2 protein chains.
Amino acid sequence: MVKIGDVAREAGVSVATVSRTLNGQSSVDPQLASRVREAAARLGYRPNGVARNLRRKATDLLALIIADVANPFFTAITRGVEDVARSRGFSVLLCNSDEDPGKESTYLRVAEQQRVAGVILSPHRDGSDIGDLRRAGVPTVIVDRPLTEPVDSVMVRSREGARAATDHLIDAGWRRPACITGPEDAWTAQERLEGYLSAVREHGEMDELWVRGPFRQQGGTSGAARLLDAPKPPDALLVANAQMALGVLEEVRRRGLRVGIDIGLITFDEAPWTSFVEPPMSVVAQPAYDIGAQAAQLLMDRIAGSAPAEPRHLQLSTMLVVRASSRRQAPR
Amino acid sequence: MVKIGDVAREAGVSVATVSRTLNGQSSVDPQLASRVREAAARLGYRPNGVARNLRRKATDLLALIIADVANPFFTAITRGVEDVARSRGFSVLLCNSDEDPGKESTYLRVAEQQRVAGVILSPHRDGSDIGDLRRAGVPTVIVDRPLTEPVDSVMVRSREGARAATDHLIDAGWRRPACITGPEDAWTAQERLEGYLSAVREHGEMDELWVRGPFRQQGGTSGAARLLDAPKPPDALLVANAQMALGVLEEVRRRGLRVGIDIGLITFDEAPWTSFVEPPMSVVAQPAYDIGAQAAQLLMDRIAGSAPAEPRHLQLSTMLVVRASSRRQAPR
DNA sequence: TTGTATGCGTTATCAC
DNA sequence: GTGATAACGCATACAA
């Protein structure tokens, strides 16, 4: 492996000059500079990033710690993070925590040990301990779920989205909208439920119909089943996430209910399939890519030191996308 | 930032003893060892991974260079890689090349400079130059698309999958199956087309019907349109990727054709939506997660030096998943 | 502008 | 079993 000294010898200069040249310092004689560059090219020199990082006491690595990159919501966040990171010369370490506090803290430790320049974290259910990170002075941005610690964050106005979706269901003529949300310890589940409740309460004379379940397909299936088995079942459903929505769809079809006629449907998350099911599914779209991009931006500012001392909290809005599943057609 | 010397002083031992203790060397007096561990905990010591990497001349970082993590096929590969990497104590650097030779070579250089322990690469269309990597002795595994260089690889028997799918269409009673495949310079597109062609030729007396398009939704739309506008249009379609399949579905519906009755459909890739469209879509499932997991496994073996000198080539099989879209129902 | 020399925080080699 | 010390490859303070 050729190192800086080899290049220096080849070019007949000192290592300092090689270093300066390759790091684009202006104070190098153009003549020498080109001799250095030629020598480096001739020898196929590749600077050792590890040594450089050690000396500079800084890396150009970002850690992205999320539940699961296979969840389309996080996939989009990941893409957003990676795009702005790359544009600023940073690379991203991908960490799937699977909502497992153990894996999460392992990754947090890895991030700290590898001296990453910053961390973007979607904390698990029960809150996460980023105390070590903060003590170590590692810039951090929280996404999707809040943390009590005073750090930068990027969130989505879930509650407002749920509320708008519920209002829409009612406006469309559905009389008994219900909500299928996530587990109690999931903040986003709570937010979405509250959005639903506030809409229903405001309309008055409407029953509050809701159930919880895991944020997975099966959670949707069983949630729908429980609601539909009730003596006075709902006639429309707001589902808190796309994976659950697939389960709901399954259950609804199993019962022979016609979406848009017998039952109205709307779900959180613009998954790739939503506009291709029959009928197309209305959604509360979350700006997932932007969450990632903005979080990365915040982080870069923080790393560059060009951020205010106090933490900044970004709140992105959802977008209501109305398709056929939530429009009420008269039964034939 | 507390360093190893601080811990040594706190524990009243030498840095060597601290290092040995924290790296789990057995040859340390248990008494001293616990004193060291206590001191480290008391001080909140975090080993500096960068310094360690420099000294050891090795990192526990893997670079994963793929076209786009947002493509479900690559998402699954990514998850597979990350899982086995983590289980072996490695982290993964996520790199989206977007099929752009420029981005790809940038990432290749980053990987080399950061002295990653290994690289998993899905080369872009026109072939990729991993010469530098090989010269630098960086273990590399190629996935999804071949490269002439003699390195480890994990591929899918695309051709056989396409052939099985075409055979299935014919067996199901479709008389004029066609193929919508990707661009000429995409190896997988070629393989899938050839699989289709071999099936059709073997059956004899059948027209070879096929078109190419970009591996995107729009490619499916326009491909389907061109085929269906022909004087003698096909009655069934084999589509080379899931994103194209969405486009095909769109076009087919636009024309009022009933899937499974007027036209048979089957596509490559088990995307999350395939079983939820109406009617459920038959697919040629690729073992994407396994591709990633196996590639990572191969790479780890190579890194550990426990791999044979000659490159190993894994070939994973596809799985035909027959759903309603490719079964032929009599028109009502 | 250029060169020399020091140190970044570890691990590992060598004596003891 | 333990400790002193020399690398690892680079960036930079300082001297020239």
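What you see is a predicted model; the values in this text were computed from it and never measured. Labels below follow one simple rule: chain letters A, B, ... track the order of the sequence lines, proteins then strands, and each chain is numbered from 1.
At least one donor-acceptor pair under 3.5 Å links the side chain of A/Thr75 to the backbone N or O of A/Val69. Counting only distance, with no hydrogens or angles, the side chain of B/Ser158 and the backbone of B/Thr188 share no donor-acceptor pair below 3.5 Å. Looking at A/Arg35, its side chain does come within 3.5 Å of a backbone N or O of A/Ala11 through a donor-acceptor pair. Looking at B/Asn23, its side chain never comes within 3.5 Å of a backbone N or O of B/Gln25 through a donor-acceptor pair.
Between A/Thr17 and C/dG3 there is a side-chain N or O to OP1 or OP2 distance below 4.0 Å. The phosphate of D/dC10 (OP1 or OP2) has no side-chain N or O of A/Asn53 nearer than 4.0 angstrom. In terms of phosphate contacts, B/Ser19 brings a side-chain nitrogen or oxygen within less than 4.0 Å of OP1 or OP2 of C/dT11. Distances shorter than 4.0 Å separate some side-chain N or O of A/Tyr45 from OP1 or OP2 on D/dC10. The phosphate of C/dT11 (OP1 or OP2) has no side-chain N or O of B/Lys57 nearer than 4.0 angstrom.
Following rounding to the nearest Å, B/Arg55 (CZ) and C/dA12 (P) show an atom-to-atom distance of 6 Å. Note: CZ (A/Arg115) to P (C/dT10) measures 7 Å, nearest angstrom. Look at CG on A/Asp29: it is 10 Å from P on C/dG3, rounded to the nearest Å. Atom CG of A/Leu22 and atom P of D/dG9 are 16 Å apart (whole Å). Look at CG on B/Asn48: it is 6 Å from C1' on C/dG9, rounded to the nearest Å. Atom CD1 of B/Ile4 is separated from atom C1' of C/dC8 by 14 Å (rounded to the nearest Å). In this structure, B/Asp6 places its CG atom 13 Å from C1' of C/dT10, rounding to the nearest Å. B/Arg56 places its CZ atom 18 Å from the C1' atom of D/dA6, with the value rounded to the nearest Å.
Of all nucleotides listed (C/dT10, D/dC10, D/dA4), D/dA4 comes nearest to the side chain of B/Ala16. The listed nucleotides are D/dA11, C/dT10, C/dA12; the one nearest the side chain of A/Arg52 is D/dA11.
Each of A/Arg46 and B/Leu32 has a nearest nucleotide on DNA chain D; the 5'-most of these lies closest to B/Leu32.
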Please enumerate all protein N or O atoms sitting under 3.5 Å from an N or O of nucleotides 14-16 of chain D, with distances to 0.1 Å.
none

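Looking at B/Glu104 and B/Ser128, their side chains do bring a donor and an acceptor atom within 3.5 Å of each other.
The one candidate from B/Asp100, B/Asp98, B/Asp144, B/Asp185 that meets the salt bridge (charged side-chain N to carboxylate O under 4.0 Å, His left out) condition with B/Arg125 is B/Asp185.
Residues satisfying the side-chain hydrogen bond (donor to acceptor under 3.5 Å, both in side chains) test with A/Arg55, not counting sequence neighbours, are none.
At a threshold of 4.0 angstrom between heavy atoms, the contacts of B/Val13 are confined to the sugar-phosphate backbone, with no base atom among them.
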